[in-house]
2 protein chains.
Amino acid sequence: MKYEQLKLENQVCFRLYTAARLTMGAYHPYLDPLGLTYPQYLVMLVLWEQDKQPVNDIAHKLLLETNTVTPLLQRMEKTGLIKRTQGKEDSRQRIVTLTKKGIEMREQAKHIPECLSAEIIKNEGSAEEIMQMIPTLDKLIQGLKQQLNK
Amino acid sequence: MKYEQLKLENQVCFRLYTAARLTMGAYHPYLDPLGLTYPQYLVMLVLWEQDKQPVNDIAHKLLLETNTVTPLLQRMEKTGLIKRTQGKEDSRQRIVTLTKKGIEMREQAKHIPECLSAEIIKNEGSAEEIMQMIPTLDKLIQGLKQQLNK
DNA sequence: TAATTTTGCATCGTGAACGATATAAATCGA
DNA sequence: TCGATTTATATCGTTCACGATGCAAAATTA
């Protein structure tokens, strides 16, 4: 019993880590044709909801550091999905704007969420069971986020 | 409503991805003193359960590719936690063995799981609620794993 | 047994993640 | 108003994660 808690099978974090990796993998067939990685797709979701945001707002919504988001945006600028312009009131800010290509991609991406749901449901049944995790995950995230600011 | 499903707040995968990242972050204060990263800690868990395993078995248990695990093990060999030796029956295999330092670290790591639990519970209450996700996560992982082999 | 295929691991290239650090602009305080 | 601090990004170095590829040993098959 001494080391029981060190067993892999008792680790929640390992499951989160694995579930996240594999789920991201399941997006591959849908994102590859669009030339997007999963984190880039998340940035697109943020920008489709609201265009013209500073780097910091995007990072904040994704709970990522700006030093993760900056190079990500640089790559996305290179592939022509976004533009990055100097902020007007605050010239330290870089405002991220969708290009025509970026805006149009929304239509192509429209069905990705339902495709993913369908695939997951097909493979292990209950969508409801998965949806039931959402409030718990949100609480977990909320708690860990506060821990960060200490 | 046309693009409702593309909203970030409706994404389960984003929550898994974030929860996994933040939880891994919560391990930092405990793993840093041991000189371990979280994936390296996972390898240690596997080896503490059973020493002397080929690379492939470790990768399989962690659901990682060998091309992820190999460099990870190379770094761990450099820090003196493990040794990698040629397999005897099958000389293609590399057998991973804990060093004295690696074995002794188990005692220092013994309390990490309960520390993490305590921290998470302190921050957002219910441990039970989190434990309830385990069967669902396992089903999700199982389903996605099978999808991989197609 | 010789040729073919499979398997186990390694290497390489690309894209995250993130700590540490840098830099310029904005804000604050004396 | 001027120096100090904070803020918004960017850069750098290290470690994953993984697709593609390479290579030698084993297993399979002709």
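Labels below follow one simple rule: chain letters A, B, ... track the order of the sequence lines, proteins then strands, and each chain is numbered from 1. The model shown is predicted, which means the values in this text are computed figures rather than measured ones.
Checking the phosphate oxygens (OP1, OP2) of dT11(D), a side-chain nitrogen or oxygen of Q74(A) falls inside 4.0 Å. A close approach under 4.0 Å does occur between a side-chain nitrogen or oxygen of T37(B) and OP1 or OP2 of dC16(D). Within the 4.0 Å cut-off from OP1 or OP2 of dC16(D), at least one side-chain nitrogen or oxygen of Q40(B) is found. The side chain of Y17(A) places an N or O atom within less than 4.0 Å of a non-bridging phosphate oxygen (OP1 or OP2) of dA17(D). For N67(B) and dA10(C), the shortest distance from a side-chain N or O to OP1 or OP2 is not below 4.0 Å. The shortest distance between the side-chain N/O atoms of R75(A) and the OP1/OP2 oxygens of dT14(C) is not below 4.0 Å. Distances shorter than 4.0 Å separate none of the side-chain N or O atoms of S91(B) from OP1 or OP2 on dA24(D).
Of the candidates dC16(D), dT9(D), dG8(C), dT9(D) carries the atom nearest the R94(A) side chain, counting heavy atoms from C-beta on. With dG19(C), dA10(C), dT15(D) as the choices, the nucleotide that has an atom nearest any side-chain atom of V55(B) turns out to be dA10(C). With dC16(D), dC18(C), dA24(C) as the choices, the nucleotide that has an atom nearest any side-chain atom of T68(B) turns out to be dC16(D). Checking dT11(D), dC9(C), dA17(C) against every side-chain atom of R21(B), the shortest atom distance belongs to dA17(C). Among the nucleotides dT9(D), dA10(C), dC18(C), the one closest to any side-chain atom of L64(A) is dC18(C). Closest approach to the R92(A) side chain among dT11(D), dC9(C), dA26(C) is made by dA26(C) (side chain taken as heavy atoms from C-beta onward).
Ring geometry, Y41(B) versus Y27(B): the interplanar angle falls from 30° to 60°, so the pair is classed tilted.
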Start with the C-alpha distance between L81(A) and V43(A), add both sets of side-chain angles, then the distance that settles side chain to side chain contact (heavy atoms under 4.5 Å, CB included), and finish with yes or no.
CA-CA 11 Å; L81(A) 291 170; V43(A) 171; over 6 Å; no
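Across all strands shown, E89(B) has heavy atoms under 4.0 Å from sugar-phosphate atoms exclusively, and none from any base. P54(A) comes within contact range of the sugar-phosphate backbone alone, with a heavy-atom separation under 4.0 Å but no base atom that close.
Linking ILVMFWY side-chain heavy atoms closer than 4.5 Å, directly or via other members, places Y38(A) and L45(A) in a single hydrophobic cluster.
Protein atom NZ of K78(B) is 10 Å distant from nucleotide atom P of dT14(D), rounded to whole Å. Distance, Y41(A) OH to dG15(C) C1': 19 Å, rounded to whole Å.
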